[in-house]
Colleague: 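Structure provided below as structure tokens; questions to follow.
The chains referred to below are lettered A, B, ... by the order of the sequence lines, with proteins before strands, and numbering in each begins at 1.
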Amino acid sequence: MLYKIIFMGTPDLAAECLKALASVSRPFSPKSSWEIIAVLSQPDKPKGRKLRLQPTPVKNIALQFGIPCFQPEKLRTPETLELLQKLAPDLIIVAAYGKILPQPLLDLPRYGCLNIHTSLLPLYRGAAPIQWAIIDGKSTTGVTLMKMNAGLDTGDILAVSSTPIEDKDNAQTLHDRLAQIGGELLIKTLPDYLSGNIIPTPQSEAKATYARKITKEDGRIHWTMSARQLDSLIRGLTPWPGTYCLLTEGDKKILLKILKAEPLSLTENQNDNYLKNSSNTPSAPPPGTILRAENDELWIACGEGILRILELQREGKKPLPTRQFISGTSLTIGTQLE
RNA sequence: CGCGGGGUGGAGCAGUUGGUAGCUCGCCAGGCUCAUAACCUGGAGGUCAGUGGUUCAAGUCCAUUCCCCGCAA
């Protein structure tokens, strides 16, 4: 039996899964194997400073493996549906495609449509599960393979694979790991699914949470948050869209990106002492105050605790480690960031 | 031609109306110290991104090329 598969996806994560899937060429049982007969990806979009058109990561992989790649503007057209009907897939696999699949498409393949989602469903349904898991300070996340239905990431679960979120993980490192795990989970689960050895498990609606899309505004640092929360926020939004605050310089406010930081690990007591001693005011300095700026140490007062900045970037300039940033910029203790 | 910032010793920056190129680090040597990533003294290291032009004189003004980055996507 040769299973004809259509793969739908767009960004790096999907490209990694496609690569895994396409690399397994040998039959998974004496009489069975699969073939990716076509790939669907979003239309190329302008990127970069010059707004040049660039192929999607999935398209690149498709080209590399010589798989036909289609990039329809819309799925809900007779033409697109007809195209897919002619391809007559036995199975469709979707990974971060970027569009909702209409019901006729979900019903088209004999084995349905499977989706790879980078969270432990029913947690973090939606667009940005990786980021939100980090931002929320979760200790574990993972990848879920599920059978798609009309809802948003609401389908029955076929398999999961989990991974711990390390203190040093950011959205990039976690993404890369989940992409690899996702690919492995896919090629490991698919044979069992196709031979009917897996019974899909419904998700618990009561436990479901939603991971809404990230915007640039989410990267605005609010110093009233705790140092720990800000650390999670920074890691969750790295490398995109990044976090930033504003520094007043003369009569201008310049954008300051915070690329890397960590909560200062002092005891509560030391913390309090520093907060009191470093300020001219009798009470603790308000959140956003620079408490220390020398060598590798750049300390900012937060709503709770102190954030130690490790790497930052001012607008128009390159990213710099704290030490080098300080050597060229005069940062006065007591200055307020906003 | 989407808007904007910038390319100055090894790193990061300053350089005012054109007139001897500075600062914070780093590096090298010496000193202080029980010791040091701390402190003191001295030192090396730059055809100021490239090219052309204006001028008695250009890092600075004009033109142009290359490269980096923020916004926007």
Colleague: Please report the distance separating the C1' of B:rG19 from the corresponding atom of B:rU60, rounded so that it comes out in whole Å.
Modeller: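 Roughly 11 Å separates the two C1' atoms.
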Colleague: Mark yes when over 12 heavy atoms from residues, nucleotides or ligands other than A:Glu73 sit less than 6.0 Å from its CD; otherwise mark no.
Modeller: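 At most 12 heavy atoms, drawn from other residues, nucleotides or ligands, come within 6.0 Å of this atom.
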Colleague: Please determine, for B:rU51, whether a Watson-Crick or G-U wobble partner exists with both distances under 3.5 Å, and give it or none.
Modeller: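 Per the H-bond distance test, B:rA63.
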Colleague: In the structure shown, which nucleotide is the Watson-Crick or G-U wobble counterpart of B:rC27, with both distances under 3.5 Å?
Modeller: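 Looking at the geometry, B:rC27 pairs with B:rG43.
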Colleague: From C-beta outward on A:Lys216, which listed nucleotide comes closest to its side chain: B:rC68, B:rC69, B:rC71?
Modeller: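 When the side chain of A:Lys216 is considered, B:rC71 is the closest of B:rC68, B:rC69, B:rC71.
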Colleague: Quickly work out the A:Leu255 CG to B:rG5 P distance and round it to whole Å.
Modeller: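 Computing the A:Leu255:CG to B:rG5:P distance gives 15 Å.
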Colleague: Looking only at atom C1', what distance separates B:rC13 and B:rU8, rounded to whole Å?
Modeller: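 Their C1' atoms lie roughly 9 Å apart.
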Colleague: Using atom P in both nucleotides, what's the gap between B:rG26 and B:rG15 to the nearest angstrom?
Modeller: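 Per the computed distance, 24 Å lies between those P atoms.
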Colleague: Please report the distance separating the P of B:rG7 from the corresponding atom of B:rG45, rounded so that it comes out in whole Å.
Modeller: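 Result for the P pair: 24 Å, nearest Å.
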Colleague: Looking at B:rC71, which nucleotide sits across from it as a Watson-Crick or G-U wobble partner, both distances under 3.5 angstrom, or is there none?
Modeller: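 Partner of B:rC71: B:rG2.
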Colleague: When you compare B:rA11 with B:rC27, how far apart are their C1' atoms, in angstrom units rounded to a whole number?
Modeller: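 11 Å, rounded to whole Å.
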Colleague: Is it the case that atom NZ in A:Lys138 sees more than 12 heavy atoms from other parts of the structure closer than 6.0 Å?
Modeller: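 12 or below, so no.
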Colleague: Using atom P in both nucleotides, what's the gap between B:rC48 and B:rC61 to the nearest angstrom?
Modeller: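 These two P atoms come out 15 Å apart once rounded.
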